[in-house]
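Data block below; observations after.
Order of appearance sets the numbers: ligands from 1, and atoms from 1 within every ligand.
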Amino acid sequence: MRRAIYPGSFDPVTNGHLDVIERARKLFDEVVVAVAHNDEKQPLFSLEQRLDLLRETAGRIENVRIAKFSGLLVEFARAQNAGAVIRGLRAVSDFEFEFQMALMNRNLNAAVETIFLMPKEEYTYLSSRIVKEIARLGGNVSSFVPGCVAKALTGKFRQ
Ligand code: PNS
């Protein structure tokens, strides 16, 4: 069984994330979308809300499983018996952080390979951070995120 982990904050999941999930699931027998629980980050959506939005949008996709994790990613990969970590790479600006993370993870566990997938060009400028900002300022995010996420964002920022 070739299993990959697709980790992230998913705060919230965007169409760009879903595009990467679709690409990854064609390459692996199973893709575990792993939502990070990190005490140091202050996400807009709680861990449970982020999981729920992923379950609603990607939970029924064949060979995709939604999970949460805390602690080191490589330890989670080991526990899940996964040989690969998937990360989306949008632009050169992503590269430095991704490069650092991939090599650090390799140092921690050489058995886990990081694989970068490029989303559709139309999603290269899309990020959860920008989507949250647009929603906070009252803009329309419906072409960037699934309907349930757009609704959840509106709910968060309604006065
Ligand atoms: O969506 P994000 O915020 O870019 O995802 C970053 C994430 C959660 C994948 C990364 O912070 C992570 O792997 N955290 C787990 C802790 C860990 O293993 N840190 C060492 C990696 S260098």
Listed partners of Arg78 passing side-chain hydrogen bond (donor to acceptor under 3.5 Å, both in side chains), at least two apart
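Scan of Arg78 (side-chain hydrogen bond (donor to acceptor under 3.5 Å, both in side chains), adjacent residues dropped) gives Glu75.
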Within the protein, flag every N or O under 3.5 Å from an N or O of ligand 1, and note the pair and distance.
from     : atom 1 : to    : atom 2 : distance (Å)
ligand 1 : 1 (O)  : Ser9  : N      : 2.9
ligand 1 : 3 (O)  : Ser9  : OG     : 2.5
ligand 1 : 3 (O)  : Lys41 : NZ     : 2.9
ligand 1 : 4 (O)  : Arg87 : NH2    : 2.9
ligand 1 : 5 (O)  : Arg87 : NH1    : 3.3
ligand 1 : 18 (O) : Leu73 : N      : 2.8

Does any N or O in the side chain of Arg90 come within less than 3.5 Å of the main-chain N or O of Pro119, such that one atom is a donor and the other an acceptor?
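The answer is no, because no donor-acceptor pair under 3.5 Å joins these two groups.
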When you measure from the side chain of Arg87 to the backbone of Pro7, do you find a donor-acceptor pair of N or O atoms at a distance under 3.5 Å?
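Between the backbone of Pro7 and the side chain of Arg87 there is a qualifying donor-acceptor contact (under 3.5 Å).
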Which pairs would a plain distance check flag for residues 145-157, meaning a side-chain donor or acceptor within less than 3.5 Å of a matching protein atom at least two apart in sequence or in another chain?
from   : atom 1 : to     : atom 2 : distance (Å)
Thr154 : OG1    : Ala150 : O      : 2.8
Lys156 : NZ     : Leu44  : O      : 3.3
Lys156 : NZ     : Gln49  : OE1    : 3.2

Could you give the side-chain donor-acceptor pairs of residues 101-112 under 3.5 Å, partners two or more places apart or in another chain?
from   : atom 1 : to     : atom 2 : distance (Å)
Asn105 : ND2    : Met101 : O      : 3.3
Arg106 : NH2    : Glu113 : OE2    : 3.2
Asn109 : OD1    : Ala111 : N      : 2.9

Assign the ring pair Phe10 / Tyr6 to parallel, tilted or perpendicular, where the plane angle (0 to 90°) is split at 30° and 60°.
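Perpendicular, since the angle between the ring planes exceeds 60°.
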